[in-house]
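Side chains are part of it too, since the values below use all heavy atoms of this structure and drop only hydrogens, waters and symmetry mates.
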Amino acid sequence: MEHHVWRSCEGSLDNTNTQSLTSVRSLIVNPHTSNSTISLILEALTRSLNLTTHSLTRQRTLKLLTDVASRRPYLSSLIFQSIHSITLDFESLAALCSISELNKNLKVELVDRLFISMCFDAPACERLRLLRNGERLGVGVHVLLTVFLGFSKDPYPYVRKEALNGLVSLCKYGVFEDKSVIEGCYRRGVELLKDADDCVRSAAVNLVSEWGLMLIAANQEEDKTDWFDTVFLQLCSMVRDMSMGVRVGAFSALGKIQIVSEDILLQTLSKKVLPIIKEKKSQIAERFQSLAASAAGAFMHGLEDEFYEVRKSACYSLRKLVILSAEFAGRALNLLIDLLNDSSLVVRLEALGTLHHMAASDCLNVQEMHMHMFLGTLIDNNDIIRTAARKVYKYVKLPSMELFRLSIDGLLGNLDIYPQDEADVFSVLFYMGRSHKDFTTSIIKEAYQEIEPVSNGNMSLDSARVAAFLVLAISAPFSHDQNGQSIPPRYFSYAVTLLGRISFALRDILDQSTLLAYISRCSRAPISSGMEVEGEESSLPVGTSNIECQLKEHDQFRKFMDLIFAKVKDVWVLVHSSCISAALKTLRACKEELTMLSLALAEPTGVVAFMSQYLKVTKLLAKIWGNIVWKVQSYEIGELEILLSKLERRLREMRSRFIGFSKEEESYVLELILVACILRLSKAEICCYHTTLKRLSATISLIEFLHEEGSIELSNFVVEVKKTLHESGISIGGTLCSPFGFMKLIDHFSIKQFSSCTGVRHLYAAMNVPNIDSENPLPFVPGLPVAIPLTITLHNVLSETRLWLRLAMSEESIQFLFLDLNILGGSDEVKKCTFVAPFYRTPKTGSFTLRVCIGMECMFEDVHSVKNFGGPKRRLVYLCPEKEVYLSMV
């Protein structure tokens, strides 16, 4: 049968008979087709390829030959040689690359030389195809760089555009270490910013942005700010371009600049050219001065542009830059408020999104003159606008009681006009109440008559306005402040009757069970002075024994913790999808839920403390991941190093200050340490490379030890890291792998699902200095030792732990005292003692302040020398906050 099909198709290979070619392909993909028939097909296809000049037939023949190579790997070498022996064109070169991917032993010989010759011999349309597919064809990066630079001078604009786009795509490789090469590419982009064709100028803007950032990274630390300013000004020169697309690209590129001098930022908001006095390096001084005027009114022009796309892009760019300067953010706010009345819905939403970002970044300083436009968005007839406006109010910090009252009235007006917005309004009120506790207390006191039952004893809890006041009331945690004012506990009891409506509104923050536990506890708490309360009653269920209540609460507690751990695991799906903002929002909601849970508990537990630390670690991981992997978040120079150092410190505390992990849980913590090392090693400019590599190897060894004990299975991430270290021959003193080698490992990591961690115990300490404060300082004699009385309580600290008392007058004057736990009384759970700490380095001054805290040596750290003689040999993690001790000369 197959021979009959082949004979009917054989004579049609030299034409474009689609049906016959389809029949031939059906024979090729059929695994039951005999080898003899495949050989006949291969022979005919090779003959057709040699004889045909028809472009379409040639493409189809090459596709069939590639199919044969993929289905019959033993023929791939023969097919490869047959195609290679023919005069190469784009289609045949692409086919050779595809076959070489199937058989790694086959290489396209002289592919770089052939690519270059084909580029220079081909017409314009073929040059476009070659430039677009150079990376896919396996051409070397440096060859592509040369070709792209050469064809950026091509007489055809679309070829120039493709060459510039190719140069931008090479940035991802990051293999260019020669500063002159990087600067050459950057200058080519600057040159083509004046090209006559719109598409070329648009591509040149992208090139200046990307290669400008590479040039900044390649310069020394002291030159970076100057280059940031220069690239920023260069892009500012394009915001008045005649092409709308170029203007949009220019504003988008401005938002990628991580650091800009404040005077230049302020110049972009003023059409009057301001004096920008700077001492620039000699090599860029002249260029800087010629560009300085281009920044004048750049954002004003963008936000007033006739095209909404430009206004939207300028608004988004402002979102990235307002965090750089408080004064710039304040002046930009005036322009953004005006955009709330823009004719385009898209621009209004972008303006509200920028205001939301400013509020979340704590740089939104709302004044009374802004409130009219701001409050107007809450009653807009478009529900999308109202939703976006309420998001801003969730994070805004209002400076005065009057503005807070106006905002609450605006939200209540929103609720009155649009009852369907109730859930979202309640959520905003809850956020605002938590961030403005003093103002909230005053508002609730003013609304006393509306909330309380009327004279006949009936309550108006079905009123949306009263329900809103109750949500606001329960948002401020029950406390005894200095003024004696607090939220009456009965208001929490009233809120229980609205539990369904309130929990639905707060579903993104905490679940109903946690909310009920929080409200119930606060409704039972004693009231302080401030508001008179009558008839307070306990909300404990009647007839329930204490043991039954404890068992029920313990079971609910486990469910709460499992739910939070599951939410954190789900967050990592968002991080892997580059939805960093959504991930951080979810983590903030988890933090709020954990706060509510801790308030509902009679005593803090080790699991709650561990969960709090785990959320902080995950938040740092998400932020760093967004910068290193997805590039969706940008940080100033040194800020990423701060985040990485903070992550390592949190992980060190997680491993040191918590005990009782299962073997599986311990391996999860070690994997978090492992990914922190990989993230640091994948960033070329990050310091401490050898130290991090040493920590990476040590962590792998610990995980392998747990695996050899038979208690855990190695995850795919650990296996890949181990394999990479082995294949690269990396050792502590060995060869260093490139950052891009470590970048590949990041994709294998994912957050694990912790259990309830019920066995985890938290190591912490409490320390007091009795009868000593700023008004009653401890007397001392300069130059003589002084004895400092301390009362210390240690929780869950084992006897073999090495504790140190750290006494610091300044960073240069630190004294360590060893605490011998063997002489302290008490159990492993709680140890209490009174300790007199001598401080020997009393200065010759009238008074000074000493900062005292308790640190614990990280026994898993390698021993290293320290500056302080007789102090700890390893890093310390601190078990309590620093305590200030005030001393005054006798």
Side-chain angles (χ1 to χ4, degrees), residues 568-569 571-572 575-576 610 613-629 640-641 643-658 661-684 686-709 711-732 734 736-754 757 858-862 875 877:
V568 176
K569 186 175 184 294
V571 161
W572 211 245
V575 174
H576 267 292
F610 174 76
Q613 189 79 337
Y614 185 47
L615 288 174
K616 293 174 184 176
V617 166
T618 310
K619 182 179 178 180
L620 288 168
L621 274 175
K623 286 184 175 182
I624 297 169
W625 206 280
N627 178 273
I628 293 180
V629 180
L640 184 59
E641 169 65 28
L643 288 176
L644 284 166
S645 299
K646 189 180 291 185
L647 173 62
E648 290 165 355
R649 187 179 74 252
R650 295 290 187 194
L651 288 171
R652 195 180 303 119
E653 291 176 355
M654 181 182 286
R655 192 176 173 200
S656 301
R657 296 188 60 186
F658 297 93
F661 288 117
S662 66
K663 297 296 183 182
E664 190 175 28
E665 291 164 352
E666 185 179 356
S667 71
Y668 292 169
V669 175
L670 290 174
E671 281 197 35
L672 292 173
I673 296 173
L674 206 61
V675 77
C677 295
I678 296 296
L679 286 169
R680 178 178 283 279
L681 293 170
S682 62
K683 201 67 175 172
I686 295 297
C687 60
C688 306
Y689 200 98
H690 286 279
T691 304
T692 306
L693 198 60
K694 188 176 181 181
R695 188 182 302 117
L696 179 70
S697 300
T699 306
I700 284 288
S701 300
L702 289 170
I703 297 176
E704 285 181 328
F705 176 75
L706 291 175
H707 172 65
E708 290 169 0
E709 286 186 332
S711 53
I712 65 161
E713 291 294 329
L714 295 182
S715 67
N716 183 48
F717 172 62
V718 175
V719 171
E720 291 296 326
V721 174
K722 182 180 175 182
K723 183 167 63 175
T724 299
L725 294 180
H726 178 71
E727 291 177 352
S728 303
I730 299 177
S731 63
I732 294 175
L736 300 183
C737 182
S738 72
F740 306 100
F742 290 111
M743 278 289 290
K744 296 176 182 178
L745 297 172
I746 294 178
D747 292 333
H748 296 283
F749 173 76
S750 62
I751 288 285
K752 297 294 195 312
Q753 172 68 60
F754 274 97
C757 297
C858 299
M859 301 307 293
F860 54 85
E861 292 275 355
D862 290 331
R875 282 193 178 94
V877 294

Restricting to non-hydrogen atoms, name the atom on [X] and the atom on [Y] that form the minimum distance, rounded to 0.1 Å.
| X | Y | answer |
| --- | --- | --- |
| L679 | I628 | O-CD1, 3.5 Å |
| K623 | L643 | CB-CD1, 4.4 Å |
| S656 | F860 | OG-CE2, 3.1 Å |
| M654 | F610 | CG-CE1, 3.6 Å |

Distance in Å, [X] [atom1] paired with [Y] [atom2], rounded so as to fall on 0.5 Å steps:
| X | Y | atom1 | atom2 | value |
| --- | --- | --- | --- | --- |
| E671 | I751 | CD | CD1 | 9.5 Å |
| K722 | L714 | NZ | CG | 6.0 Å |
| E720 | I678 | CD | CD1 | 11.0 Å |
| I700 | H707 | CD1 | NE2 | 12.0 Å |
| C858 | R875 | SG | CZ | 8.0 Å |
| L674 | L651 | CG | CG | 11.0 Å |

Check the pair L706, L670 against side chain to side chain contact (heavy atoms under 4.5 Å, CB included), reporting the backbone distance first and the verdict last. CA-CA 11 Å; L706 291 175; L670 290 174; 3.9 Å; yes
Give a yes or no answer on whether the side chain of Q613 reaches the backbone of R650 with a donor-acceptor pair at less than 3.5 Å. yes
Checking side chain to side chain contact (heavy atoms under 4.5 Å, CB included) for the pair I712/Y668: CA distance, chi angles, key distance, verdict? CA-CA 10 Å; I712 65 161; Y668 292 169; over 6 Å; no
Output, in order, the C-alpha distance, side-chain angles, deciding distance and verdict of salt bridge (Lys or Arg N to Asp or Glu O under 4.0 Å) for R680 and E641. CA-CA 8 Å; R680 178 178 283 279; E641 169 65 28; 3.0 Å; yes
Determine the interplanar angle of the F749 and W625 rings, folded into 0 to 90°, and report it as parallel if under 30°, tilted if 30 to 60°, perpendicular if over 60°. tilted
Go through the steps for V617 and L621 under the test side chain to side chain contact (heavy atoms under 4.5 Å, CB included), then give the verdict. CA-CA 6 Å; V617 166; L621 274 175; 4.3 Å; yes
State, yes or no, whether a side-chain contact exists between [X] and [Y] at a heavy-atom distance under 4.5 Å.
| X | Y | value |
| --- | --- | --- |
| L702 | I673 | no |
| T692 | L696 | no |
| V575 | T618 | no |
| I746 | V675 | no |
| V669 | E665 | no |

Do F658 and Y614 have their ring centres less than 6.0 Å from each other? no
Does E713 have more than 12 heavy atoms from other residues, nucleotides or ligands lying within 6.0 Å of its CD?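 Open.
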Yes or no on side chain to side chain contact (heavy atoms under 4.5 Å, CB included) for S667 and F661, after CA distance, side-chain angles and deciding distance? CA-CA 9 Å; S667 71; F661 288 117; over 6 Å; no
